[in-house]
2 protein chains.
Amino acid sequence: MRTGRPRDEKVRLAILTAAQELVLEKGYAAVTTADVAERAGAGKQTIYRWWPGKGALVLDAFSEWVSQAPRMSRRKPSLSSTLVEFCRGASEAAPVLRALMAEAQFDEDLHRRLIAQLVRPRGDELRACLADRRPADRELVVNVLSGLVWQRLMLNEPLDARFVRFALRVVQRI
Amino acid sequence: MRTGRPRDEKVRLAILTAAQELVLEKGYAAVTTADVAERAGAGKQTIYRWWPGKGALVLDAFSEWVSQAPRMSRRKPSLSSTLVEFCRGASEAAPVLRALMAEAQFDEDLHRRLIAQLVRPRGDELRACLADRRPADRELVVNVLSGLVWQRLMLNEPLDARFVRFALRVVQRI
DNA sequence: GCCTTTACGAGACTTCGGGTCTCGGAAACA
DNA sequence: TGTTTCCGAGACCCGAAGTCTCGTAAAGGC
């Protein structure tokens with residue numbers, strides 16, 4: 001049994017909320033951990049006690065945000081609707097995603113977390129839409145699609161309806 | 001006519017060489033402009049006089065390196081040989097490419113430079129290998145290939161022979 | 001041969017954000 | 001009551017980016 005004062009859930013949420021708000025307001029690079037602590041009414045040390053750094057904190061803040069999104073669990077969503085939803089979310093959060101992927105290039109631990117919490121889950125969603133394909137083809141399509149999306153993000157090109165049509169056309173040809 | 005002492009070409013090259021060596025030795029993140037200046041026998045100010053920052057400097061250092069690569073100008077290289085060469089170079093310089101693309105996410109000017117000096121030229125090389133395809137297909141293939149490569153880079157997965165076969169299989173299906 | 005202009009090396013300096021340390025106090029459990 | 005862990009607050013350290021200044025050097029113009 002763990003002894004001592006337990007972690008305060010209110011504080012945890014306040015920090016995640018503050019991080020999310022500040023990043024949306026000012027952009028990832030302009031937000032400091034001190035800013036987050038101040039808005040959350042928390043101490044800086046409380047942040048560093050539970051997160052290894054700014055990257056992991058922001059990742060957590062937006063992981064929760066993504067998982068709060070209305071995941072209408074119809075039994076098998078179509079590839080196109082999934083891709084549309086996928087791109088809508090990625091487009092809204094584009095600046096954050098770009099920053100996190102960028103920061104992850106300099107931080108191995110954050111890189112692992114990012115893949116586990118954001119990259120892999122999205123790939124799995126896509127994979128689930130391709131149950132009717134041959135397994136080898138499935139991986140191929142998933143790779144191509146996520147490759148296209150991440151490239152668009154890093155190159156700062158729009159993930160709009162035109163792109164979705166483009167991507168679907170590619171997949172159809174494979 | 002420009003008056004005053006002209007820019008010293010020796011110094012320019014010494015700085016680029018020092019930057020290149022140091023980045024290869026210690027990795028992008030561990031190199032500071034002060035390090036580069038010291039090894040080049042130059043002053044820090046001389047770096048900032050000609051480059052806006054570390055990113056642009058390293059980009060220039062490796063742009064020259066790439067363009068020095070033996071570009072055997074046979075008339076029309078095949079797609080597969082180009083892709084192999086492409087991946088070999090990208091694989092060797094992978095840590096630098098990752099770091100530059102990452103830094104570019106926080107620096108709009110560097111982002112433009114990176115695309116103009118590295119991303120676009122490589123895309124053009126690929127495009128030149130696809131002269132026999134319909135124009136619409138060409139863009140599609142170029143996008144898919146460069147998307148796959150950049151994704152592999154940012155996800156830190158190997159750009160090996162197996163990947164090349166994979167990529168070629170994808171293209172063949174389109 | 002001077003004068004102006006710009007480049008150069010060197011080093012001091014400022015700024016700022018990440019991250020650590022410390023302290024007084026609070027919440028749990030034994 | 002004592003031990004343990006958490007909390008807010010704030011001081012603190014560190015390192016890298018970028019600026020400023022100074023004495024000097026190399027060009028062209030006069």
Side-chain angles (χ1 to χ4, degrees), chain A residues 1-19 22-23 25-61 99-100 102-110 113, chain B residues 1-19 22-23 25-61 99-100 102-110 113:
Chain A
M1 185 55 184
R2 269 185 69 74
T3 170
R5 177 177 175 174
R7 178 172 187 178
D8 189 333
E9 184 67 9
K10 278 193 186 13
V11 171
R12 186 184 139 265
L13 285 176
I15 291 173
L16 287 172
T17 307
L22 282 168
V23 166
E25 285 170 20
K26 314 200 300 176
Y28 179 89
V31 174
T32 70
T33 51
D35 292 337
V36 176
E38 190 190 355
R39 174 163 310 190
K44 244 169 81 170
Q45 185 66 351
T46 304
I47 293 181
Y48 284 103
R49 198 193 322 268
W50 301 107
W51 289 276
K54 191 169 91 165
L57 169 60
V58 173
L59 175 57
D60 273 11
L100 285 175
E103 186 111 329
Q105 304 304 313
F106 301 117
D107 182 339
E108 199 139 345
D109 178 64
L110 178 59
R113 289 167 185 263
Chain B
M1 184 57 184
R2 268 186 70 75
T3 171
R5 175 178 179 174
R7 177 172 187 179
D8 189 334
E9 184 67 10
K10 278 195 191 2
V11 171
R12 187 185 138 265
L13 285 177
I15 290 173
L16 287 173
T17 307
L22 283 168
V23 167
E25 287 170 20
K26 312 200 301 177
Y28 180 88
V31 174
T32 70
T33 52
D35 292 337
V36 176
E38 190 189 357
R39 173 162 311 188
K44 243 170 77 170
Q45 186 67 320
T46 304
I47 292 181
Y48 283 104
R49 198 192 325 269
W50 300 107
W51 289 276
K54 191 169 91 166
L57 170 60
V58 173
L59 175 58
D60 274 10
L100 285 175
E103 187 110 329
Q105 304 303 313
F106 301 116
D107 181 340
E108 200 144 340
D109 178 65
L110 179 59
R113 289 168 185 260

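Sequence lines set the chain letters: A, B, ... in the order given, protein chains first and strands last, and positions in each chain run from 1.
- In this structure, NZ of A:Lys10 is placed 13 Å from P of D:dG8, rounded to the nearest angstrom.
- Closest to the side chain of A:Thr3, from the set D:dT4, D:dA25, D:dC7, is D:dT4.
- Distance, A:Arg12 CZ to D:dC7 P: 11 Å, rounded to whole Å.
- In this structure, A:Trp51 reaches neither bases nor backbone, as no heavy-atom distance under 4.0 Å exists between it and the strands shown.
- Ion pairing of A:Arg39 with A:Asp35 is absent here, as no side-chain N (NZ or NE/NH1/NH2) approaches a carboxylate O to less than 4.0 Å.
- Distance from the side chain of B:Arg49 is smallest for C:dC8 among the nucleotides C:dC8, C:dA28, D:dA17.
- Spacing between atom CD1 of A:Ile15 and atom P of D:dG8 amounts to 7 Å, rounded to whole angstrom units.
- When distances run from any side-chain atom of A:Thr46 to the nucleotides D:dT19, D:dG8, C:dC8, the shortest one goes to D:dG8.
- When side chains are defined from C-beta on, A:Thr33 counts as touching A:Tyr48, because their heavy atoms get closer than 4.5 Å.
- When rounded to the nearest whole Å, the span between CZ of B:Phe106 and C1' of C:dG17 equals 14 Å.
- Geometrically, B:Arg12 does not engage B:Trp50 in a cation-pi contact defined by less than 6.0 Å to the ring centre and at most 45° from the axis.
- Candidate nucleotides C:dC8, D:dA27, C:dA10 were compared by shortest atom distance to the side chain of B:Gln45, and C:dA10 ranks first.
- In the set C:dC8, D:dT19, D:dC6, C:dC8 carries the atom at the smallest distance from any side-chain atom of B:Arg5.
- Taking every side-chain heavy atom of B:Lys44 into account, D:dG18 is the closest of D:dC7, D:dG18, C:dA28.
- At a cut-off of 3.5 angstrom, counting only N and O atoms as typed in the model, there is no donor on one side facing an acceptor on the other between the side-chain of B:Arg7 and the base of C:dA7.
- Nucleic acid contact for A:Lys54: sugar-phosphate only, since backbone atoms but no base atoms lie under 4.0 Å from a heavy atom of the residue.
- Among the nucleotides C:dC8, D:dG18, C:dG19, the one closest to the side chain of B:Asp8 is C:dC8.
- The side chain of A:Ala42 lies closest to D:dG8 when the candidates are C:dA27, D:dA17, D:dG8.
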